[in-house]
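Report on the following structure.
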Amino acid sequence: MPLDTPLSVTDRLFFAELDQAAAEARLRQALAGAEDGELFLEYRESEGISLDDGRIRSASFDATRGFGLRAVAGEAAGYAHSGELSEAALERAAATVGAVRQGRSGTLDVAPQATNARLYAEANPLALMDFAAKTSLLAEIDAFARGRDPRVRQVMASLSGEWQAVQILRADGTRVADLRPLVRLNVSVVVEQNGRRETGSHGMGGRFAYGRIVAAESWQAAVEEALRQALVNLDSVPAPAGEMEVVLGPGWPGILLHEAIGHGLEGDFNRKKTSAFAGLLGQRIAAPGVTVVDDGTMPDRRGSLTVDDEGTPSNRTVLIEDGVLVGFLQDRQNARLMGVRPTGNGRRQSFAHSPMPRMTNTVMLAGQHAPEEVLRSVKRGLYAVNFGGGQVDITSGKFVFSASEAYLIEDGKLGAPVKGATLIGNGPDALTKVTMVGNDMALDPGIGTCGKQGQGVPVGVGQPTLKLAGLTVGGTAV
């Protein structure tokens with residue numbers, strides 16, 4: 001019996017009802033005279049179960065299947081999609097996208113180079129653990145959290161997973177397939193003491209089966225971390241305000257890097273010159289020692305992809321090297337218009353969305369300083385360990401981020417935890433204020449989701465301990 005491959009698995013999913021030869025012929029017809037385009041086929045199973053206060057509050061399962069057809073001519077792109085896999089639906093879509101190439105006689109761009117890499121397991125995680133086991137696990141998490149501390153008043157836990165199968169067809173007959181698992185566990189704990197309530201939360205996940213996050217040592221560690229954060233917040237004092245030195249912890253605080261500068265380094269914003277970094281390629285935009293990469297090739301990571309949603313193999317792209325801007329994140333269309341190579345960052349939320357340049361795992365590399373040395377160097381400042389929500393303006397680079405766990409730094413030592421701290425600044429300016437880069441680079445636990453133009457995709461972030469001089473902190477102290 002022939003070995004199952006991503007291509008053979010997706011063939012069975014998509015070409016039981018849709019004739020493959022007819023689909024390929026319709027694709028060639030739709031892209032005649034276009035410069036690029038593809039037929040994107042997708043099947044996705046997704047589920048989610050949540051527990052709140054000892055009861056299952058929601059349980060869902062969904063299965064979707066459909067296609068997206070795109071034709072690209074210059075800066076224009078025609079896109080049509082359907083949840084119906086049939087030749088009739090494909091014919092209607094081809095007629096729609098064909099309008100974009102009228103009056104043009106472009107030459108199709110070369111197809112992406114094939115890859116033999118497999119960055120994650122291909123088994124469907126939803127089929128490897130039954131519903132009863134999942135609900136039992138959430139109940140066990142609730143009981144364990146309540147047993148850890150009498151101040152626990154509420155426990156919320158959720159388990160979610162999906163399995164996405166995609167096949168990308170090009171007009172030259174090239175076909176690329178990928179099978180993508182994704183799982184996540186979230187735990188939140190509410191504690192109360194002397195009438196004051198505080199919350200802590202922790203999540204983890206990645207492109208693997210449930211086994212890694214439902215093992216006792218994993219979920220218990222998640223509960224302990226959520227409880228630790230909640231208890232820390234019970235002792236927090238109002239955050240000070242003003243300009244001060246800020247130290248960012250390793251790992252998840254890289255979300256500030258992702259939002260403040262990552263989007264500004266995506267190819268479409270720079271081609272259209274709407275990014276704060278437009279026109280600065282080859283120039284110093286950050287302090288010496290700052291090196292930032294987007295790496296979609298990390299095995300099992302939430303933001304990783306064997307191939308992107310255009311069929312280009314994922315890549316490790318250096319964006320900033322020792323403070324100098326050296327590259328952007330590219331899909332095929334923007335890369336062609338800018339005269340550079342695609343970087344494997346063409347991503348889409350689903351078959352109903354057109355691809356665009358998106359981040360995968362965006363990471364600042366480690367420097368030379370021990371984290372203890374970084375903290376000792378601060379006379380008075382803020383140490384931010386975890387972040388909640390944030391906003392950024394791509395054009396100006398201005399950002400506002402809320403710290404969900406932060407501490408005062410006084411004479412080089414950690415002081416009291418603070419509540420209500422926000423970091424205010426702009427990405428290009430913040431990069432120049434980096435004065436120390438730690439040697440403890442860490443990745444986030446696997447919880448990131450990035451939004452852009454209404455599309456959400458899973459991403460990863462990472463960074464070492466980082467010291468910035470003169471960042472504005474918004475606080476609640478009066």
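The analysis underlying the following values was restricted to heavy atoms, covering all of them including side chains, and did not include hydrogens, waters or symmetry mates.
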For the residue pair [X] and [Y], confirm or rule out a side-chain donor-acceptor distance under 3.5 Å.
{"X": "Ser58", "Y": "Ser50", "value": "yes"}
{"X": "Gln229", "Y": "Glu225", "value": "yes"}
{"X": "Asn386", "Y": "Ser404", "value": "no"}
{"X": "Thr343", "Y": "Asn315", "value": "no"}
{"X": "Glu84", "Y": "Ser82", "value": "no"}
{"X": "Asp268", "Y": "Gln333", "value": "no"}
{"X": "Thr199", "Y": "Asn233", "value": "no"}
{"X": "Gln330", "Y": "Arg341", "value": "no"}

[X] side, atom [atom1]; [Y] side, atom [atom2] - distance, nearest 0.5 Å:
{"X": "Cys450", "Y": "Gln349", "atom1": "SG", "atom2": "CD", "answer": "11.0 Å"}
{"X": "Ser350", "Y": "Gln455", "atom1": "OG", "atom2": "CD", "answer": "7.5 Å"}
{"X": "His258", "Y": "Met359", "atom1": "NE2", "atom2": "CE", "answer": "3.5 Å"}

Less than 4.0 Å between a side-chain N and a carboxylate O, is that true for [Y] and [X]?
{"X": "Glu405", "Y": "Arg228", "answer": "yes"}
{"X": "Asp308", "Y": "Arg348", "answer": "no"}
{"X": "Glu266", "Y": "Lys452", "answer": "yes"}
{"X": "Asp178", "Y": "Arg180", "answer": "yes"}
{"X": "Arg301", "Y": "Asp295", "answer": "no"}
{"X": "Arg358", "Y": "Asp309", "answer": "no"}
{"X": "Asp53", "Y": "Arg153", "answer": "no"}

Strictly distance-based, threshold 3.5 Å: is any side-chain N or O of [X] a donor or acceptor partner for the main-chain N or O of [Y]?
{"X": "Arg184", "Y": "Ile447", "answer": "yes"}
{"X": "Glu310", "Y": "Arg332", "answer": "yes"}
{"X": "Tyr120", "Y": "Arg302", "answer": "no"}

Check your understanding: Do you know which of Thr64, Leu182, Leu126, Asp62 makes side-chain contact (heavy atoms from CB on, under 4.5 Å) with Ser46?
Key ->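 When side-chain contact (heavy atoms from CB on, under 4.5 Å) is applied between Ser46 and each of Thr64, Leu182, Leu126, Asp62, only Asp62 qualifies.
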
**Study point:** From CA spacing to verdict: side-chain contact (heavy atoms from CB on, under 4.5 Å), Trp163, Glu47
**Key:** CA-CA 9 Å; Trp163 185 70; Glu47 68 176 9; over 6 Å; no

Check your understanding: Do Leu231 and Val191 come close enough that some side-chain heavy atom pair is under 4.5 Å?
Key ->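 Result yes, sub-4.5 Å side-chain heavy-atom pair found.
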
